[in-house]
2 protein chains.
Amino acid sequence: MEERLAELKRRVLARLKPSDEERARTLSVAQRAVGAARRQAEELGVEAEVSVQGSIAKDTWVSGDRDIDVFIRLPPSLGRHGLEELGMKIARGAAAELGVFIESYAEHPYVQAFVEGYRVDIVPCFKLERLEGEVTAVDRTPFHTEFVKSRLSEELRDEVRLLKGFMKAAGVYGAEIKVQGFSGYLCELLVIHCGGFEEALRAASMWRPWRTVLDPAGHYERSEEALKAFNQPLVVVDPVDARRNVAAALSLQRMAEFTAASRLFFKKPSELFFNPPPPKELRSVASALRQRGTHLAVFKVDVEKTAPDVLWGQLHKSLEGLETLLRSHGFEVVDASAWSDEESTAILTFELASLSIPRLEKREGPPLDEESHVESFLAKHLGGDFKGPRLTGWRWTAYTSRRLVDAKELLAVEWRKARLGKLIQEAASKSLEVLVDEEVEALLDRIEGYRRHLAEFLDGRPPWLRAYQEAVRVENRPSQVG
Amino acid sequence: MEERLAELKRRVLARLKPSDEERARTLSVAQRAVGAARRQAEELGVEAEVSVQGSIAKDTWVSGDRDIDVFIRLPPSLGRHGLEELGMKIARGAAAELGVFIESYAEHPYVQAFVEGYRVDIVPCFKLERLEGEVTAVDRTPFHTEFVKSRLSEELRDEVRLLKGFMKAAGVYGAEIKVQGFSGYLCELLVIHCGGFEEALRAASMWRPWRTVLDPAGHYERSEEALKAFNQPLVVVDPVDARRNVAAALSLQRMAEFTAASRLFFKKPSELFFNPPPPKELRSVASALRQRGTHLAVFKVDVEKTAPDVLWGQLHKSLEGLETLLRSHGFEVVDASAWSDEESTAILTFELASLSIPRLEKREGPPLDEESHVESFLAKHLGGDFKGPRLTGWRWTAYTSRRLVDAKELLAVEWRKARLGKLIQEAASKSLEVLVDEEVEALLDRIEGYRRHLAEFLDGRPPWLRAYQEAVRVENRPSQVG
């Protein structure tokens, strides 16, 4: 088993670890960016410390990663305003030297340059001595880099790559709102704290939500204190800042998936966990639905390009809002999911037990004894035109008439009553399309990526479970003698 | 108001009270039966006391009643066996003299003779001095007759007729299993105890189930004792037998209906409560269903003639059994009801939200922590062919495939798995027809009585509510000047 695992890791790592060539190319782009920023700072006469940060700096990146972080650390004496003005001037200048760029703003302003297929984030921040007082995420980053570099041997860096590879394949990697999973730094801390890739998975196998604390630097004496301080499904205390839970962005869902995936990995260790089989191919929506006897309702809008975190926040909120709308009108929602290309289209997909429900709706009324309730209940329901009211034992029952009994109509007409994200609301008032069942077919060829999403949605199994099932299947297959 | 009520009662009573002619005809039939039984007893040399019992003897019957009870009271020294042999010999002989007859057996054997449109029950029983030890219902009857006769003035007898008329119209009259309502004796006791028709309705307006005790003879010191002794929705202690709850056969449903009907009567006193308007006429099943968006499934069997109490007991049980079957398979049952002509046909009718449900069924699984459950859950559901399993937060979710997704097929194929009455089970194995939606149309002309039942079922409103609604409507109508 140990042998097999070691062999498995070797094979996987051969794919995950950047080749010398890839490494040289990436580092060269990073150095060009650093050089450009340094020149800009010098020209402006600003005292700036420019450095590569993130996974490139820590040498924990995985082959294929095309994100480079370059930080411009400036004196805190500049103040927030000076930092934004001067820092962005340097960043802009550097980016202009490198190629195409855009300006972005998350918690702080920064510049994204696109160079030779890489996305180079050029980020101004304060050069702090210690993390105290008000601190932003970018001010914290150099401290993370320092900490990780000081604790990771070359061997452990590969373990981080394995963990990242596993998490990416499992769909739990990335702290952005779309995923709500594990950040790169969180991966590194897990490897540092647990001692390696397998060790991190073994630990995760035992996790329980709202009960699990990892405190690599021992900031808290008792884990109860940390649990109380953060009140999040998983608590990983930042070694460089005791006030921060590194797993703050991790959702219960992604935590659960990682825990379950970890357990299954040890049941049937396989490279498939790093490269899961695709979901069942989606040939025909109509025939897939016929087979399962369910229905699809799709809420499609054209969106403008926005910061993905903003877009996904709104998509998640809108998905919940429309699901609530459907349920409150009496529809049974089997499943729901959001998809977007993050460029121009957003689609909320609902799998429903039925597209239409009876007009007649049974409603429980008050017991006979509650006289004033009975009075208003009868006043309200006596005129009902098709059934009841009547008694069910000691209680009144009414049958009311639903105004909307068609899911397509409900979504098309009543979406304004749902709690939607503002962007989605605006988009819907301009460009809403509601499609049901076989009408969805038309989207599959028109909208790249949605076919795969819908296939995954209908399949329902997470990728790591597909990996596990395939690993079991392969093992149980009678061996072929060639 | 008082005036109006008195006038209303007068008008109603004119219809409810038997005319002199009807009375003479009825009493003459009763006397013929008594005479015949007396002659039989004399011929057999048996010491027998023959008398009219029931509502004819108490003079509380309502115009149109065609039931006459003649009791043959025999010495207890005969013993149960002697009673049945000799008593039935007398009853049979008397019935043969009167005309067509059949023998019946409820708690005890008796003979039913059919004479000039009357049903004459000729019932042998013991002539007891006191009600003590093991006592059957028929031994108790003469004591009831005695008690009621001694307590009812002519005026109060009319009040009983009003109460019976009200209860019949409300559908709550009759202690038989089909109705599970108020017996004639219970009506009489209510009038005796409360003081009259309105007084009984006023009292009923305040009833609360499992809290209400009427004890006309004061057998119990505290009502809690009586409640504890009987544990039934309504307790009316039999004045002639403290061990018996006269309302034992009354269901919560009928009690609730009488209470609600009583309240509405005082809100809008009207003759309509004694003669409710019929339900909406049923023209087309298909269009009625289209309007309400629901569906009908009908379970029809041919039954042999049986004692109605036996048949209805089985029908109620079977109705519940099939409803449970439907629900447990995922169907939403809006309403259900049993009907029979008590001759040859029994029909269980279900109103359903849908005749077919998705093949896909969502099932909640164990939380991640329950390892052994998770293991068996995954073992069971991993092979599932169309969706999942997956995680929903910290819990597994599976999607299973229903074997039966069609209500008609379910009822036609799986009825054997439902808890049915034995007679219905046997009938179904020989003659089951399952009909849905417009197929039901064909029954309406074929089976007398079922059209009206189905109209009432779809209408859903109890007759007293139709009466109330009509009374309100009539009052609110602008008066016509002719």
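Just so we're on the same page: letters track the sequence lines, and every chain starts at 1.
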Query - Glu375(A)/Arg263(B) under salt bridge (Lys or Arg N to Asp or Glu O under 4.0 Å): CA gap, chis, key distance, verdict - result: CA-CA 11 Å; Glu375(A) 204 145 315; Arg263(B) 288 191 194 157; over 6 Å; no
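- Residues Thr259(B) and Trp394(A) form a side-chain contact, since some pair of their non-hydrogen atoms from C-beta on lies under 4.5 Å apart.
- Looking at Glu257(B), the atoms closer than 4.5 Å to chain A (heavy atoms on both sides) sit in the backbone and in the side chain alike.
- For the side chain to side chain contact (heavy atoms under 4.5 Å, CB included) with Leu360(A), the qualifying choice from Leu458(B), Leu289(B), Val334(B) is Val334(B), the only one to do so.
- For the options Arg254(B), Glu361(B), Glu351(B), heavy-atom pairs under 4.5 Å to chain A are most numerous at Glu351(B).
- Neither the backbone nor the side chain of Trp210(B) comes within less than 4.5 Å of any heavy atom in chain A.
- Minimum interatomic distance between Ala353(B) and Pro358(A) (heavy atoms only, all atoms of both residues): O-CG, 3.3 Å.
- Remark: Arg211(B) CZ is loosely packed, at most 12 non-hydrogen atoms of other residues, nucleotides or ligands lying under 6.0 Å away.
- Only the side chain of Tyr399(A) comes within contact range of chain B, judged by heavy atoms closer than 4.5 Å.
- Of the listed residues (Lys267(A), His295(A), Glu332(A)), the one with the most heavy-atom contacts under 4.5 Å to chain B is Lys267(A).
- Crowding of Glu320(B) atom CD: a count of heavy atoms from other residues, nucleotides or ligands under 6.0 Å not exceeding 12.
- When heavy atoms are compared at a cutoff of 4.5 Å, Gln291(B) approaches chain A by way of both its backbone and its side chain.
- Contact of Glu371(A) with chain B is made through the side chain alone, with heavy-atom distances under 4.5 Å.
- Of the two parts of Leu378(A), only the side chain, counted from C-beta on, holds a non-hydrogen atom closer than 4.5 Å to a non-hydrogen atom of chain B.
- No part of Met206(B) comes within reach of chain A, as not one of its non-hydrogen atoms sits under 4.5 angstrom from that chain.
- With a 4.5 Å cut-off on non-hydrogen atoms, Leu264(B) touches chain A through its side chain but not through its backbone.
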Requested in this report: Take Asp369(B) and Arg208(A) through the side-chain contact (heavy atoms from CB on, under 4.5 Å) test and state the conclusion after the steps.
Outcome: CA-CA 7 Å; Asp369(B) 304 317; Arg208(A) 297 180 58 199; 3.6 Å; yes
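- Put simply, CZ on Arg395(A) and CG on Leu252(B) are 11.5 Å apart, with the number rounded to the nearest 0.5 Å.
- Considering every non-hydrogen atom in both Ala260(B) and Leu391(A), the closest pair reads CB-CD1, 3.8 Å.
- Taking Arg390(A), Gln253(A), Arg359(A), Arg292(A) one by one and counting their heavy-atom pairs under 4.5 Å with chain B, the maximum is reached by Arg292(A).
- For Lys362(A), the part lying under 4.5 angstrom from a heavy atom of chain B is the side chain only.
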Query raised in the report: Checking side-chain contact (heavy atoms from CB on, under 4.5 Å) for the pair Thr294(B)/Lys387(A): CA distance, chi angles, key distance, verdict?
Result: CA-CA 11 Å; Thr294(B) 59; Lys387(A) 186 168 187 135; over 6 Å; no
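- Here the closest non-hydrogen pair linking Gly393(A) and Ala256(B) is O-CB, 3.1 Å.
- The distance from the CG atom of Leu382(A) to the CZ atom of Arg473(B) is 13.5 Å, given to the nearest 0.5 Å.
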